Amino acid sequence: MTGTVVTVTSGKGGVGKTTAVANIAVALASEGKKVVCIDGDIGLRNLDVIMGLENRIVYDIVDVVEGRCRTRQAMIRDKRLPELFLIPAAQTRDKNAVSPSDMVRLCDELRAEMDWILIDSPAGIERGFRNAVAPADRVLIVTNPEMSAVRDADRVIGLLEAEEKPAPSLIINRLNPNMVRRGDMLSVDDVYDLLRIDVIGIVPEDENVIVASNRGMPLALDGKSKAGQAFRNIARRLNGEQVPFIDLESTSLWDRLVKLAGRK
């Protein structure tokens, strides 16, 4: 087994990156894949809360890197999915406690026993970002359909090119079709035209995301949620399946997106 490392990042905070990591991980594990999430946002630990595992933390990623525990000791098993694990971030250290080479070594160790290693990158472009992308086989950029988030995503794309990483894929999160129709939000076409990278997922605005995050129950576990379905579809596309986008709007937008992105 040789696991694939996927880093999920964004140019700015607050776009739903950590929520995306938790939901994609849950969706992959629900399909029977062995998955481990690594919270790379050292000092601002949040992934454990969204996954409902905050009370089970004994060791964290810095403990692993500094040799205070074995990797397996820091891996917290999910309450619902036995093939899903979390390696939490350290809350009392800064991002300099881990180096890019540390992340590469850790991920190389995990590849032998996991199908997927998902890294939750801190937002922005500082040391934590470089740590998170160093071992990545694939990078997913999360953005909201607003100009400031798209502009920052564009900057991340440039940095990934400088790091000679494969072309990233895009998750457009919190799309509100009504606001798009009123001209109050960028459309999927607008975002694609600005960034010109493959779109792997379009997640609709859903107030239940906040409720689910507070409860430690990612929406990918909810079969009735459109946002949850969107995250499950992203996981299926990562696995190479041909999955159409959810039809959020009754326009030709989706057909055009499919042609532009070279999908389905």
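Quick note: residue numbers are just sequence positions, from 1. This one's a predicted model, so the numbers in the text were calculated from it and none came from an experiment.
- Smallest separation of non-hydrogen atoms from V64 and C69: CG2-SG, 3.8 Å.
- Remark: the S225 side chain and the N208 side chain contain no N/O donor-acceptor pair separated by less than 3.5 Å.
- Side-chain atoms of S121 do not come within 3.5 Å of backbone N or O of T7 as any donor-acceptor pair.
- A side-chain donor-acceptor contact under 3.5 Å links R237 to the backbone of P244.
- Hydrophobic clustering (side-chain heavy atoms under 4.5 Å, transitive across Ile, Leu, Val, Met, Phe, Trp, Tyr) keeps V104 apart from M114.
- Taking 4.5 Å as the limit, every side-chain heavy atom of I117 sits out of range of all side-chain heavy atoms of L106.
- Remark: side-chain polar atoms of N173 are paired, donor with acceptor, to backbone N or O of V15 under 3.5 angstrom.
- Taken to the nearest 0.5 Å, the OG1 atom of T143 stands 8.5 Å off from the NZ atom of K12.
- Just one of L195, L194, V188 meets the side chain to side chain contact (heavy atoms under 4.5 Å, CB included) condition when paired with V191; it is L195.
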For this session: Dump the intermediate steps for side-chain contact (heavy atoms from CB on, under 4.5 Å) on I57 and L86, then the final yes or no.
Result: CA-CA 9 Å; I57 295 174; L86 167 69; 5.6 Å; no
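- Under a cut-off of 6.0 angstrom, the local environment of CZ in R215 is sparse, with at most 12 non-hydrogen atoms contributed by other residues, nucleotides or ligands.
- With rounding to the nearest 0.5 Å, the separation of CG in L84 from OG in S30 is 8.5 Å.
- Remark: the R127 side chain and the N131 side chain contain an N/O donor-acceptor pair separated by less than 3.5 Å.
- None of M51, E113, M75 except one satisfies the side chain to side chain contact (heavy atoms under 4.5 Å, CB included) rule with F85; the exception is M75.
- The backbone N or O of D190 sits less than 3.5 Å from a side-chain atom of S187, completing a donor-acceptor pair.
- Atom OG of S10 sits about 10.5 Å away from atom CD1 of I171, to the nearest 0.5 Å.
- Residues V156 and M147 share a single hydrophobic cluster, defined by chaining ILVMFWY side chains whose heavy atoms lie under 4.5 Å apart.
- Clustering ILVMFWY residues whenever any of their side-chain heavy atoms sit less than 4.5 angstrom apart, transitively, puts I50 in a cluster other than the one holding L81.
- Heavy atoms only, all atoms of each residue included: R80 and M217 are closest at NH1-SD, 3.2 Å.
- A continuous path of ILVMFWY side-chain contacts below 4.5 Å connects M179 to I246, so both sit in one hydrophobic cluster.
- In the displayed structure, R72 atom CZ is contacted under 6.0 Å by more than 12 heavy atoms of other residues, nucleotides or ligands.
- Closest non-hydrogen pair, A230 versus I202, comes out as CB-O, 3.5 Å.
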Problem set entry | From CA spacing to verdict: side-chain contact (heavy atoms from CB on, under 4.5 Å), L160, F129 | CA-CA 10 Å; L160 292 169; F129 168 81; 4.0 Å; yes
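- To the nearest 0.5 Å, atom CD of residue Q91 and atom CG of residue D39 are 9.5 Å apart.
- Both L170 and L159 belong to a single network of hydrophobic side chains, linked directly or stepwise wherever heavy atoms of I, L, V, M, F, W or Y lie under 4.5 Å apart.
- A donor and an acceptor atom, one from each side chain of D120 and T18, are located under 3.5 Å apart.
- Classification of D102 and R105 as a salt-bridged pair holds, one side-chain N sitting under 4.0 Å from a carboxylate O.
- There is no side-chain donor-acceptor pair under 3.5 Å between R236 and N239.
- Looking at every heavy atom in both residues, I61 comes nearest to A90 through CG2-N, 4.2 Å.
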Exercise. Could you walk me through whether I38 and M103 pass the side-chain contact (heavy atoms from CB on, under 4.5 Å) check?
Worked result: CA-CA 10 Å; I38 300 175; M103 290 294 288; 4.2 Å; yes
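- The two atoms that bring D60 and A89 nearest to each other are CB-O, 3.6 Å, heavy atoms only.
- The residues E163 and K165 are annotated as not salt-bridged, no charged nitrogen and carboxylate oxygen being separated by less than 4.0 angstrom.
- A salt bridge links D137 and R111; the closest N-O separation between the charged side-chain nitrogens and carboxylate oxygens is under 4.0 Å.
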For this session: Might you work through the side-chain contact (heavy atoms from CB on, under 4.5 Å) test for F245 and V199, ending with a clear yes or no?
Result: CA-CA 10 Å; F245 290 98; V199 178; 4.2 Å; yes
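- E146 CD to M185 CE: the interatomic distance, rounded to the nearest 0.5 Å, is 7.5 Å.
- A donor-acceptor contact closer than 3.5 angstrom is absent between the side chains of R138 and T4.
- For D154 and R151, the salt-bridge test fails: no basic side-chain N is under 4.0 Å from an acidic carboxylate O.
- Between the side chain of K79 and the backbone N or O of G52 there is at least one donor-acceptor pair closer than 3.5 Å.
- When all heavy atoms of P135 and C107 are compared, the closest pair comes out as CG-SG, 3.7 Å.
- Here the CG-CG distance, from L47 to L118, works out to 9.0 Å after rounding to the nearest 0.5 Å.
- For the 3.5 Å distance criterion, the side chains of S99 and S101 qualify, holding a donor opposite an acceptor.
- Judged by distance alone, with hydrogens and angles left aside, the side-chain atoms of D115 form a donor-acceptor pair with the main-chain N or O of K34 at under 3.5 Å.
- When atom types are taken as modelled, the side chain of N23 and the backbone of L219 share a donor-acceptor pair closer than 3.5 angstrom.
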